[in-house]
Structure formats: C-alpha cells, structure tokens
Amino acid sequence: MFRSTSGELAAQRQSPQRKLNLWSAVLIGVALVVALPVIVVFAHIALPTDGVWQHLASTVLPRYLNNTFWLVVWVGVGTLVIGTGSAWLVVMCRFPGKRIFEWALLLPLAVPTYVIAYAYTDFLQFAGPFQSALRDIFGWEHGDYFFPSVRSLGGAATLITMVLYPYVYLLARASFLEQSVCVLDVGRTLGRGPWRLFFSVAVPLARPALVGGVSLVLMETLNEFGAVQFFGVDTFTTGIYRTWFGMGEPVAAAQLAACLLSFVIVLVLLERWSRGKRRYFHTTNRYQQLPEYVLHGWRAAAATAACVIPIIVGFLLPSGILLDLALTQGDSLWGARFIGFAWNSLSLSALAAIIAVGTAVLLSYGVRVHDTALARFTTRISAMGYAIPGSVVAVGILIPFAWLDNIINTGLQAYNGQIIGLIFSGSAFILLYAYVVRFLAVSFNAVEASLGKVTPSMDAASRALGQTAGGTLRYVHTPLMRSSLLAAGILVFVDVMKELPATVILRPFNFDTLAVRAHNLASDERLAEASTSSLAIVVVGILPVILLSMAMRRSRPGASS
C-alpha cells in the first residue's frame, strides 16, 4: 500500500514537468514553422552582392532612411492621438452618434491604402473636381493660387494615418472596455476629473495595448508600398521592391529587408527598456457597467467632430469618389465572376484570422507557462514577419516549398516514372501559410497585451484548484481576453482582405481575389474600373467589422446589452 502511494505521488510530481516540457516543445516547434520565411530571408545576408549594396548605400540609402524616418514619426504620432482619443470618447462619454461611431471608426480598415491614394489623387489633382470647383468659384487661373501636392511625403503620411488609426483605436477601445470600475473609482475619489483620469489612470493601464497598436501601425507603415510608390516617395519598402524586381538582386533586397526588420526590433527593445520592470495587471474581478460622462453643448459638438472627421477623410470621401466612378463607368466584368472573387477573399480571410489568432494564443500563453529565453526569442522571431514586405515573405516561403515539391517529384519519378506537379507551392495552403506568417504579429500583439494584464495569481489559483495549463487558458484567460481576441480577429480578417503582394506571387493558377483585381486595374491607371473591385472589398469586409465591433461591446463582463 505504501509503495503504491509513493509511486502515485512521484508520478504526480513528475507529471507537471512532463507537461511543461511538452508545452515548450510545441511552442518552439510552432514558432520555428512560422519563422521559416524570416530565416530564409536572413540567410541571404551572408551572401555576396557583387558591389550592389555599396552602390545603394552611396546613392539612394540616405533618401530611404530620411523618408522612412519622417513617415514613421508622422504616422505614429497621428494614429496614437486619433486612435486613443476616439476610443476614450466612445467608451467613456455619451454624445450624439456615439453608438454609430463605435463601429464606424473602424471603416477605414476595410479600404486598401493604395486605393485611397488613387482616389484622393483623382480628387485633389489640378484637373480634379476639387481644384476645378475652387477655380470656378473664385475665378482663379493656373498659378494664381497655391495648393499642396497630395503626391508628396506629407500627403502620403496624412492618408496613411487616416487609414491606419483604427489599429490603435481598436486595441485601445478593447483595453478601455476591459478596465475595472474600481480603478476608475479610485481616481475619482482622489479628485481627478475626466482629463486627469484619462492621462493618469486610463492611459497608463492601456499602455501595453497602445504600444501594440502603434507597433502595428509602424510596421504597416514601414511595409506600405502601393501608396508611397504612387506618390513617388522612396522608402525602404519601395527600395526593396525596386532592388529585388527591378534590379534583379534578391540578395541586396533581402539585406535591405533585414535592415528594416532590425529597425523594428530596435523599436520593440526600446519600448520594453523604457517600461522597465513595471507590469500592468487587473487585480480585481469587479467588472460593472462603465460609467459615462454626459457631454453637452460645445463639448458634445467637439466630441462628435473628433469622431466624424477621421471617418469622412478615411472612408466616406474616398468611398464616395469610388462609388461615383463605379456607377458612372465601373468594371465591365462586374457580374458572376465577382462572386468567385468575393468568395476567395472571404474564405481566405476567415481561415487566416482563425489560424493566426489561435497560433497567437498558443505562442503567448506558451511563453507565460514556460518563460525561457529560447521561448521568448522564438516567439519574437515568429512575430516579425509583419515587418517584412509581403513579396519578400512570399519569396521566403516559395523557396523552401518549391524545393520540397522538387524533392517529392524527383523521388516519385525515380520510383514509378511519374510526377504529380506542384503540391504545396501551387495550392491555397501556401497562401494561407503566407497570411499567417505575415499577419501573426497583428494578433500576437493584441493577445499578448491582453494576456499580460491578467495577474499571475489567477494562474496560481487555477492550478491550485486542479486545473491544467490548458484548462486555465480555457476557463480563466479566454473569458478575460474575449474583447482582445475579437479585436485580433478583426485586424487579421481585414488585413488579409486587402493583402496584395504575397497573393499575387503565391496564389494558385486562375485564383484571383478582389484585391488582385483592384490593383491590376488601378496600376494601369484604370481607376474607374478598379473602383468596382475596391468597393466590393469594402462590402465584403464591412459587415464583419460592424458585427464584431458590436460583439466587443457586449463581451465586457458586466456590460449591458
């Protein structure tokens, strides 16, 4: 009897260690699979460039650095101000149109940046309707007035800001919704008004989410290609494309991509260093209906204007321009073929969102359970795919999978004299793989920020009550992270809807999406025809954005329906 009991106790003591090792192995394995394209790209760094890199450094590299720096600063500050301010207004204040703004502020996410760039160029150029109307009203002629060019660094930064601010807004709103009434009540007890409460309590608690949102904005800005190329602004991304596809120098392009990725890593490390050892936890489970500040008079008008302007500039005006073009001219292929385009975009976006969010939860929780230097390093590497241009990620995937297809076909030919063609590199599987690699950081930042606010004492209490690591994730963490998981799903879904470079390179034969169709037409200056596909992207993507935004509001514990 005693021996049996001792054996059972020994098995119980060893069981957690075995589970921990298994979890660590799964974590590292998933991270390495996701990081494969990044590893392939970095493998090109050591290869010789035959003087191409030296030529780039002495000619165009300073211009790339200058334009990229100012673009990142402008967009980062603008999106932080607009996203955080609008999120606080719709969560904590009551003013006319609040319920509409909750989901309407997300609408710019559904529109590709390059399409908005085309629309505003058509609208604001000298021969466009806006300047034509000014000349008709005031009787001006050419040279009588100054009008800033939209095709400039400032124009690109402004339009990119108006498209990307929902990244910050969505994560900030999710963080504000998750904040406890107790913390806010303490701030009021200490005599802090709405503004001081916002800056001294709400923003510090939301810092991980805000940093995650701004990080996504910065990486998306560094990756932006369509708008900056159309506006003639040379950045690192346009340089990578030009070096790889124009000069035919993939090694030098990969080295430029590595520089870009290193810049992102430095930004992340600087933020973590500035944070120091501070942590941001919720120490209570008191989640009641959040109180609202009722705004009247000029305050209500100012709040409404602060929410309306980003929606008009980022969505309504460009959509109106595209709608007018679509109704007056449009795409001659509109009809049954667009059902196929829409289905391809919708199905790929939904699958990629589910896989990316699930993988992000696995990685972030795996590091929480087994926090080692190797686990942190592999997860960080796997989340850096977002900082690499989509075409570079595609090539980083295509190289190993094309090699694998070749090995399989060579073996089959040697065995029975037949080949079966492209297995991985010509299927939708490799396209989904590229989406997960490309946009894993989108979901990972949101999930990590939300998970990091759950105090470790909850894990300890759950494990003391007999829950396994998986049970703790399912019954404790997931309910607390519902808003952030939905936010991550929205971001990945809409990003995949708009994704272009990797889709063009990796899509199967005769497999087009709405984004591919829109870009092909717009790049040929056939904006009127491209407007139809662009509007179709909005129609397909807008309904999930609205529904998930409403679900986010109801997901807060204690929220009223």
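In this chain, residues are counted from 1 in sequence order. Since this is a predicted model, take the numbers as computed values, not measurements.
Taken from CG in Leu105 to CD1 in Ile100, the straight-line distance is 11.0 Å, to the nearest 0.5 Å. For the atom pair Ile116 CD1 and Leu317 CG, the distance stands at 9.5 Å (nearest 0.5 Å). We find the CD1-OG1 distance between Ile309 and Thr304 to be 11.0 Å, quoted to the nearest 0.5 Å. In this structure, Leu327 CG and Thr532 OG1 are separated by 8.5 Å, a value rounded to the nearest 0.5 Å. Atom CD1 of Ile490 and atom CG of Leu486 lie 6.5 Å apart (nearest 0.5 Å). Between Ile160 atom CD1 and Glu224 atom CD the span is 5.0 Å, to the nearest 0.5 Å.
Of the possible polar contacts, one joining the Thr238 side chain to the Thr235 backbone as a donor-acceptor pair under 3.5 Å is found. No side-chain donor-acceptor contact under 3.5 Å links Thr68 to the backbone of Leu65. No donor-acceptor distance shorter than 3.5 angstrom exists from the side chain of Gln131 to the backbone of Leu134, with no hydrogens or angles considered. Using modelled atom types, one side-chain atom of Ser152 and one backbone atom of Gly155 make a donor-acceptor pair closer than 3.5 Å. Side chain of Thr513 to backbone of Phe341: no donor-acceptor contact under 3.5 angstrom is found. Of the possible donor and acceptor atoms, one in the side chain of Lys98 sits under 3.5 Å from a partner among the backbone N and O of Cys93. Between the side chain of Tyr120 and the backbone N or O of Val313 there is at least one donor-acceptor pair closer than 3.5 Å.
In this pair, Phe130 and Phe123 present their aromatic rings tilted. The plane angle is within the 30 to 60° band.
In terms of heavy atoms, Ser349 sits closest to Ser345 at OG-O, 2.7 Å. Considering every non-hydrogen atom in both Thr221 and Leu164, the closest pair reads OG1-CD1, 3.6 Å. In terms of heavy atoms, Met162 sits closest to Pro310 at SD-CA, 4.2 Å. Of all the heavy atoms in Ala434 and Ile397, the pair that sits closest is CA-CD1, 3.3 Å. Between Ala352 and Tyr435 the shortest heavy-atom distance is CB-CB, 3.9 Å. Contact record, Ala326 with Leu535: CB-CD1, 3.7 Å, taken as the closest heavy-atom pair.
Considering only heavy atoms from C-beta on, Val90 comes within 4.5 Å of Tyr169 through its side chain. Residues Asp495 and Tyr167 meet the side-chain proximity criterion, which asks for heavy atoms closer than 4.5 Å. Annotation: side chain of Glu102 is in contact with side chain of Arg173 (closest heavy-atom distance under 4.5 Å). Two residues are said to be in side-chain contact when any heavy atoms from C-beta on lie closer than 4.5 Å; Leu124 and Phe147 meet this criterion. By the 4.5 Å heavy-atom criterion applied to side chains, Leu506 and Tyr433 are not counted as neighbours. Looking only at side-chain heavy atoms (C-beta outward), Val308 and Phe101 come within less than 4.5 Å of each other. You'll find the side chain of Thr161 reaches within 4.5 Å of the side chain of Trp74, heavy atoms only. For the pair Val60/Asp234, no side-chain contact is recorded, criterion being any heavy-atom separation below 4.5 Å from C-beta on.
When only modelled atom types and interatomic distance are considered, Glu499 and Thr503 share a side-chain donor-acceptor pair under 3.5 Å.
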Hey, mind stepping through Leu89 and Phe95 against side-chain contact (heavy atoms from CB on, under 4.5 Å) and telling me if it holds? CA-CA 9 Å; Leu89 286 174; Phe95 56 94; 4.0 Å; yes
List the steps, then state whether side-chain contact (heavy atoms from CB on, under 4.5 Å) holds for Leu80 with Tyr165. CA-CA 7 Å; Leu80 179 62; Tyr165 80 84; over 6 Å; no
Could you walk me through whether Val228 and Leu71 pass the side-chain contact (heavy atoms from CB on, under 4.5 Å) test, one step at a time? CA-CA 10 Å; Val228 293; Leu71 187 66; 4.0 Å; yes
Salt bridge (charged side-chain N to carboxylate O under 4.0 Å, His left out) between Arg517 and Asp512, worked out: CA-CA 7 Å; Arg517 177 66 177 170; Asp512 287 336; over 6 Å; no
Residue pair Leu295, Arg94: steps toward the side-chain contact (heavy atoms from CB on, under 4.5 Å) verdict: CA-CA 6 Å; Leu295 305 180; Arg94 182 182 299 174; over 6 Å; no
